[in-house]
Amino acid sequence: MNTSVILASIFSPGQLAAIITIAAVVGLLIIANGVLFYLIRKHRERKLCTTRLQEKRDALLDHLRNITDDGSLVSGGIVFSDVDEPDEPDTEDTDDEEDEDEEDAPEVMTEELGENEDITQNEILAVADMSEYTRRKLGYLGDEYDNKRYYVRYRYGFEAKLRAASDEVKERYTRIVNELALFKSIKIKTSFRGQRFYKGRKTLGQIYINGKTLCIAFALDPEAYADTKYHGIDKSDKKRFAQTPMMYKLTSERRVEYSRYLLMHLAEFNSIVPDYETQIEPVDLSARTPDELFVAHALRISVLGEAPELEGEAEPELTLDENADEGASEVAVSADDEADELAIDTPEGRIVFDRSFTARIIQADDALKARYSELKNHILSYKGVKGRISWKRETFSIGRKTIAIFAVRGKTLMLYLATDPSKFEDTKYKVENMSEVASRRKTPLLFRIKGDRRTTYAKQLIDMLLEENGVAHVERKPQDYTLPYKSTDALVKRGLIKITTHNGFGFAQDKKQ
């Protein structure tokens with residue numbers, strides 16, 4: 001007899017519906033209990049694994065403390081001076097974009113900046129202070145260079161950044177490397193940009209410094225730790241971190257401890273066991289001079305141009321021409337903004353002194369120099385802003401985008417900004433629109449700075465421009481960019497002023513010195 005007929009003869013339709021509902025609920029409860037049991041078991045297994053790893057780690061650290069006096073150990077395989085050739089940056093270069101109208105620009109950086117190579121420093125370097133190695137590399141071996149000085153830019157590599165870092169960063173680095181010293185099969189390789197630790201052909205992680213922050217990237221899956229306290233930053237979309245996508249910023253003691261746990265986890269995944277017979281040596285992170293770092297390939301030097309001589313050197317009087325009339329006219333200054341040059345009339349013709357931007361700053365009055373130094377410090381206090389001095393101007397850029405230009409005309413400091421001048425019509429900022437000038441289309445706003453009030457307004461204009469571009473302000477120690485006054489003859493000898501003569505027929509030629 002059919003089962004449904006039998007049930008229908010025993011139970012009413014309502015009772016059958018209730019029985020089916022109860023059976024479905026019981027089935028769902030059984031399935032839920034099975035899933036819950038599975039999850040609880042997995043959680044206990046993971047907790048047990050974590051506990052065992054922590055116990056192993058603690059045991060290894062205890063053993064280290066027993067075989068050392070002070071616990072400050074690093075792998076003996078790390079020798080900072082034996083670095084590889086610098087890695088090529090995998091990001092687009094961020095050199096400043098050249099203006100279309102640039103002429104006679106000084107020698108500029110030959111190195112391209114990578115994404116994280118953001119620590120640079122500009123200063124004046126005397127050839128006499130260079131080692132023989134540095135002079136040979138930069139091409140200043142002849143006696144004629146002994147008394148010369150040059151504007152240079154230092155670009156710091158990993159070792160240089162680490163040696164210049166705070167004691168806190170150095171201590172955190174040492175603790176991380178101490179952890180790596182537990183494993184004999186893990187090797188550390190130092191390059192200009194950072195350190196890579198690996199086993200065989202497999203990269204296990206990277207150590208580098210971004211700005212002033214010590215960072216470590218692991219060959220771990222960031223998603224596996226996303227919901228744990230050990231979660232890091234997923235860098236899998238970056239080519240540099242293709243093998244080590246989980247990045248950790250070591251900004252606190254807690255994060256250092258978490259990173260040490262992750263190192264243990266990484267070793268467990270790769271079947272790496274500790275070895276207590278490894279030769280242990282302390283690492284030397286003491287300060288080094290730029291010259292010592294350059295010799296060790298930890299710092300790169302880019303020559304930007306020749307610097308004026310030191311204050312106090314003898315400066316002969318200007319002699320323009322032996323045959324010039326005693327009654328030759330006095331030096332005159334043109335009122336034209338683009339042709340603001342010193343000129344003198346002689347029987348041979350008109351002699352024009354083409355002054356570079358650096359020469360204009362050197363020969364400016366103290367008030368202009370102070371405003372220039374103050375504004376330059378202000379604009380460089382924004383993250384990523386780089387400055388470059390050419391013959392006629394100083395250009396400030398972020399990446400390839402020019403944002404501001406300094407020029408000097410007479411006793412006026414000229415500020416050109418890459419923003420729309422029409423926004424400031426009928427405001428206290430008395431700006432000028434230079435968009436019709438071909439060379440100023442990228443920086444059409446002109447603001448002339450002649451006093452303290454306009455200096456304050458210039459800062460406000462710079463702030464508004466960079467805030468519009470989403471550029472963050474950073475803490476930066478101000479530098480003194482003023483330069484001591486030098487005579488015209490001294491600047492001519494230094495190549496910071498060029499002399500051309502114009503005869504009666506309108507032809508111009510360089511005057512030989």
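Being a predicted model, the structure only gives us computed values, none of them experimental.
Using a 4.5 Å cut-off on side-chain heavy atoms (C-beta onward), I462 and L415 make contact. L375 is listed as a side-chain neighbour of K459, based on a closest heavy-atom distance under 4.5 Å. Proximity of K161 to K212: side-chain heavy atoms (C-beta onward) are nowhere separated by under 4.5 Å. A heavy-atom distance below 4.5 Å is not found between the side chains of L182 and L263. Counting only heavy atoms from C-beta outward, the side chains of L299 and F294 approach each other to under 4.5 Å. Within the 4.5 Å cutoff, side-chain heavy atoms of T251 are placed close to those of T213. Between Q206 and R240, the closest side-chain pair of non-hydrogen atoms falls below 4.5 Å. Looking at heavy atoms from C-beta onward, M414 lies in side-chain contact with L446 at the 4.5 angstrom threshold.
The two atoms that bring A298 and E159 nearest to each other are CB-OE1, 3.6 Å, heavy atoms only. Closest non-hydrogen pair, G205 versus T244, comes out as CA-CG2, 3.6 Å. When every heavy atom of L220 is checked against every heavy atom of P245, the shortest pair comes out as O-CG, 3.3 Å. In this structure, M434 and Y416 approach most closely via the heavy-atom pair CG-CE2, 4.2 Å. In terms of heavy atoms, Y248 sits closest to R255 at CE2-O, 3.5 Å. Minimum heavy-atom separation, I209 to G211: CG2-O, 3.4 Å.
Exactly one of F192, F241, Y173 qualifies for a ring pair (Phe, Tyr, Trp, His ring centres under 6.0 Å) with Y208. That residue is F241. Of the candidates E374, H378, K450, T455 forms a side chain to side chain contact (heavy atoms under 4.5 Å, CB included) with just one, namely E374.
At least one donor-acceptor pair under 3.5 Å links the side chain of T427 to the backbone N or O of Y429. A donor-acceptor pair under 3.5 Å is absent between the side-chain atoms of N469 and the main chain of V471, judged by distance alone. Of the possible donor and acceptor atoms, none in the side chain of N433 sits under 3.5 Å from a partner among the backbone N and O of P421. Not one N or O on the side chain of S397 forms a donor-acceptor pair closer than 3.5 Å with the backbone of R400. Judged purely by atom type and a 3.5 angstrom limit, K249 has no side-chain atom pairing as donor or acceptor with the backbone of L214. Panel note: side chain D234, backbone P222; no donor-acceptor pair is recorded below 3.5 Å. No donor-acceptor pair closer than 3.5 Å links the side chain of E468 to the backbone N or O of T419. Checking side-chain atoms of S373 against main-chain N and O of Y481 turns up a donor-acceptor pair under 3.5 Å. Proximity of a side-chain donor or acceptor of E467 to a complementary backbone N or O of M464 within less than 3.5 Å is not detected. The main-chain N or O of D452 is found under 3.5 Å from a side-chain atom of T456 such that the two form a donor-acceptor pair.
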Chi angles and distances behind the side chain to side chain contact (heavy atoms under 4.5 Å, CB included) call for V177, I188: CA-CA 9 Å; V177 182; I188 297 179; 4.2 Å; yes
Take R175 and E171 through the test salt bridge (charged side-chain N to carboxylate O under 4.0 Å, His left out) and record every step on the way to the result. CA-CA 6 Å; R175 289 168 62 185; E171 193 272 337; 3.6 Å; yes
Could you walk me through whether L417 and L461 pass side chain to side chain contact (heavy atoms under 4.5 Å, CB included), step by step? CA-CA 8 Å; L417 295 175; L461 289 170; 3.7 Å; yes
Test log, rule side chain to side chain contact (heavy atoms under 4.5 Å, CB included), inputs M130 and L138: CA-CA 10 Å; M130 298 179 187; L138 298 181; 4.0 Å; yes
Between E436 and R441, does a salt bridge (charged side-chain N to carboxylate O under 4.0 Å, His left out) hold up when you go through it step by step? CA-CA 7 Å; E436 294 184 0; R441 286 174 183 169; over 6 Å; no
Candidate pair K199 and N270, rule side chain to side chain donor-acceptor pair (under 3.5 Å), full reasoning: CA-CA 9 Å; K199 176 187 177 184; N270 290 275; over 6 Å; no
Salt bridge (charged side-chain N to carboxylate O under 4.0 Å, His left out) for R260 and E257? Distances and angles first, verdict last. CA-CA 5 Å; R260 295 170 74 186; E257 288 302 316; 3.0 Å; yes
One pair to check against side chain to side chain contact (heavy atoms under 4.5 Å, CB included): L380 and R476. What are the steps and the verdict? CA-CA 8 Å; L380 290 178; R476 179 181 179 275; 3.7 Å; yes
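More than 12 heavy atoms of other shown residues, nucleotides or ligands fall within 6.0 angstrom of atom CG in D237. Within a 6.0 Å radius of CD in E223, other residues, nucleotides and ligands contribute 12 heavy atoms or fewer.
Ring geometry for Y156 versus Y154: interplanar angle over 60°, hence perpendicular rather than tilted (30 to 60°).
In this structure, K392 is not positioned above the aromatic face of F357 in the sense of NZ or CZ being under 6.0 Å from the six-membered ring centre and within 45° of the axis. Both the sub-6.0 Å distance and the 45° axial angle are satisfied by R196 relative to the ring of Y198. Both the sub-6.0 Å distance and the 45° axial angle are not jointly satisfied by R393 relative to the ring of F406.
Put simply, CG on L266 and CD on E179 are 11.5 Å apart, with the number rounded to the nearest 0.5 Å. Atom OH of Y382 sits about 3.5 Å away from atom CG of D463, to the nearest 0.5 Å. The CE atom of M264 sits 11.5 Å away from atom OG of S259, with the distance rounded to the nearest 0.5 Å. Considering CD of Q195 and NZ of K189, their distance stands at 12.5 Å, rounded to 0.5 Å. Rounded to the nearest 0.5 Å, atoms CG (L413) and CZ (F447) are 10.5 Å apart. To the nearest 0.5 Å, atoms CZ (R388) and CZ (F396) are separated by 11.5 Å.
Checked against the 6.0 Å centroid criterion, the rings of Y225 and H231 do not qualify as a close aromatic pair. Ring pair Y230/Y261: centre-to-centre distance below 6.0 Å.
Between E475 and K383, no side-chain nitrogen of the basic residue sits less than 4.0 Å from a carboxylate oxygen of the acidic one, so the salt-bridge criterion is not met. Ion pairing between D284 and R288 holds under the 4.0 Å rule for side-chain N and carboxylate O.
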